[in-house]
Amino acid sequence: MIVATREPGDTALGQALRSLLLTQDWADQPLQPMAELLLYAADRAQHVETVLRPQLAAGAVVVCDRYVDSTVAYQGYGRGLDQSAIAQLNALATAGLRSDLTLWLDLPVAIAAERCQARGQGDRMEAAGLAFQERLRQGFQAIAAAEPDRVVRIDAAGDPDQVAARIQAVVQQRWPR
Ligand SMILES: Nc1ncnc2c1ncn2[C@@H]1O[C@H](COP(=O)(O)OP(=O)(O)OP(=O)(O)O)[C@@H](O)[C@H]1O
Ligand SMILES: Cc1cn([C@H]2C[C@H](O)[C@@H](COP(=O)(O)O)O2)c(=O)[nH]c1=O
C-alpha cells in the first residue's frame with residue numbers, strides 16, 4: 001500500500017494551520033519567523049503521530065510532500081533561524097522519525113517563478129521574493145551535499161512526464177524490484 005500525504009495540511013489541525021501559514025492576510029502584523037517555525041512544527045507533530053507512524057506500522061510506503069528538510073531550508077536558510085534550534089524542534093516534532101529518501105525537485109528560481117505566475121495568485125511563501133527563493137535553493141543544495149545518500153536532487157526542468165521519469169529512475173535504483 002502506498003499512502004500519499006503532505007505537510008502542512010494532511011490532518012484536520014494541519015488544514016487549519018496550513019491556511020494560517022499560507023494566507024497573505026497577515027500584512028498588518030506579519031507572521032514572525034519563530035511563530036512560523038512553531039506552526040510548522042505543530043503540524044508535523046500531529047501528522048507524525050496520527051498519520052505517519054500508524055501508516056508505517058501498518059506496512060504502508062509513505063510518500064510525503066515535504067518534511068523536515070523543508071523546515072531546514074525555509075525557516076533555517078530562508079528565514080535565518082538558528083539551525084540547532086530547528087534540529088531540536090524537528091527531533092521533538094518527529095520523535096526521531098526520519099525519511100529514508102528525500103527527493104529535492106530543483107528548478108532555477110526564475111523558471112519556478114514563471115510556473116507560479118502561470119498558476120495565478122501565489123501564497124505567502126511564494127510571495128516572499130526571489131532572494132528568499134535563492135536562499136532556499138542554496139539551502140536544499142547544502143542539505144543534499146551533507147547527506148547525499150538520503151537527499152537526491154531531481155532536475156525539475158522539462159515537462160511533468162520527464163520529471164516523473166527521473167523520479168522513477170531514482171526510486172527504482174534505490175529499491176529495485
Ligand atoms: N514539469 C512541469 N512543467 C511545467 N509546469 C509544471 C511542471 N510541474 C508542475 N508544474 C506546474 O507548476 C505549478 C506548481 O507545481 P506543484 O503544484 O507541483 O508545486 P507545489 O507543490 O505547489 O510547489 P511548492 O511546494 O513549491 O508550492 C503547478 O501549476 C503545476 O501545474
Ligand atoms: C513543511 C514545510 C513547508 N514549508 C513551506 C513550503 C511551501 O512554500 C509551503 C507548503 O506549500 P506546498 O505547496 O504544499 O509545498 O510551506 C515551510 O516553510 N516549512 C516547512 O517545514
Side-chain angles (χ1 to χ4, degrees), residues 1-11 14 21 33 36-38 40-112 115 125-126 128 132-177:
M1 178 181 42
I2 297 176
V3 171
T5 182
R6 71 171 177 176
E7 291 187 359
D10 191 72
T11 62
L21 280 160
E36 179 182 284
L37 170 66
L38 294 170
Y40 279 110
D43 167 73
R44 180 159 303 130
Q46 184 78 1
H47 189 219
V48 166
E49 286 307 317
T50 66
V51 178
L52 299 184
R53 284 193 189 280
Q55 291 293 354
L56 291 168
V61 170
V62 176
V63 179
C64 186
D65 181 353
R66 299 192 180 278
Y67 195 50
V68 295
D69 297 304
S70 284
T71 316
V72 174
Y74 279 75
Q75 281 66 53
Y77 287 86
R79 300 294 190 209
L81 293 177
D82 179 61
Q83 288 289 5
S84 68
I86 290 173
Q88 284 177 24
L89 197 57
N90 273 341
L92 273 176
T94 62
L97 184 67
R98 309 248 306 156
S99 67
D100 296 314
L101 176 66
T102 291
L103 300 173
W104 162 39
L105 275 67
D106 179 37
L107 203 58
V109 162
I111 301 177
R115 286 189 188 175
M125 302 305 270
E126 287 164 352
F132 179 74
Q133 305 296 336
E134 288 289 2
R135 291 200 296 281
L136 301 181
R137 192 168 187 221
Q138 286 162 11
F140 279 114
Q141 241 152 13
I143 294 167
E147 288 188 81
D149 289 339
R150 190 182 62 80
V151 183
V152 174
R153 176 185 176 274
I154 303 283
D155 179 3
D159 65 37
D161 287 344
Q162 288 172 314
V163 179
R166 290 175 198 136
I167 292 172
Q168 201 172 12
V170 169
V171 171
Q172 265 173 1
Q173 190 187 26
R174 184 63 60 104
W175 293 286
R177 273 199 244 169

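To the nearest 0.5 Å, atom CD1 of residue I143 and atom OG1 of residue T102 are 8.5 Å apart. Remark: T11 OG1 to L52 CG distance equals 10.0 Å, nearest 0.5 Å. The CG atom of N90 lies 9.0 Å from the CD atom of Q75; values are rounded to the nearest 0.5 Å. Of the inter-residue distances, the one linking L97 atom CG with L56 atom CG reads 6.0 Å to the nearest 0.5 angstrom. Between the CG atom in L103 and the CZ atom in R174 there is a gap of 8.5 Å [rounded to 0.5 Å].
Ion pairing of R150 with D100 is absent here, as no side-chain N (NZ or NE/NH1/NH2) approaches a carboxylate O to less than 4.0 Å. Using a 4.0 Å cut-off between charged side-chain N and carboxylate O, E7 and R44 make a salt bridge. Taking 4.0 Å as the cut-off between side-chain N and carboxylate O, E126 and R115 do not count as a salt-bridged pair.
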What do the steps show when you test M125 against Y74 for side-chain contact (heavy atoms from CB on, under 4.5 Å), and what is the final call? CA-CA 9 Å; M125 302 305 270; Y74 279 75; 3.5 Å; yes
Do T5 and V63 pass the side-chain contact (heavy atoms from CB on, under 4.5 Å) test, and can you show the C-alpha distance, the side-chain angles, and the key distance before you say yes or no? CA-CA 6 Å; T5 182; V63 179; over 6 Å; no
Worked check of side-chain contact (heavy atoms from CB on, under 4.5 Å) between F132 and R135: CA-CA 5 Å; F132 179 74; R135 291 200 296 281; 3.6 Å; yes
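Y40 and R66 share no donor-acceptor pair across their side chains, judged by distance under 3.5 Å alone.
Side-chain N or O atoms of Q46 include none that pairs as donor or acceptor with a backbone N or O of D43 at under 3.5 Å.
Aromatic ring pairs are classed by plane angle as parallel below 30°, tilted from 30° to 60° and perpendicular above 60°; the pair F140 and W104 is parallel.
Smallest separation of non-hydrogen atoms from D82 and S84: OD2-OG, 2.7 Å.
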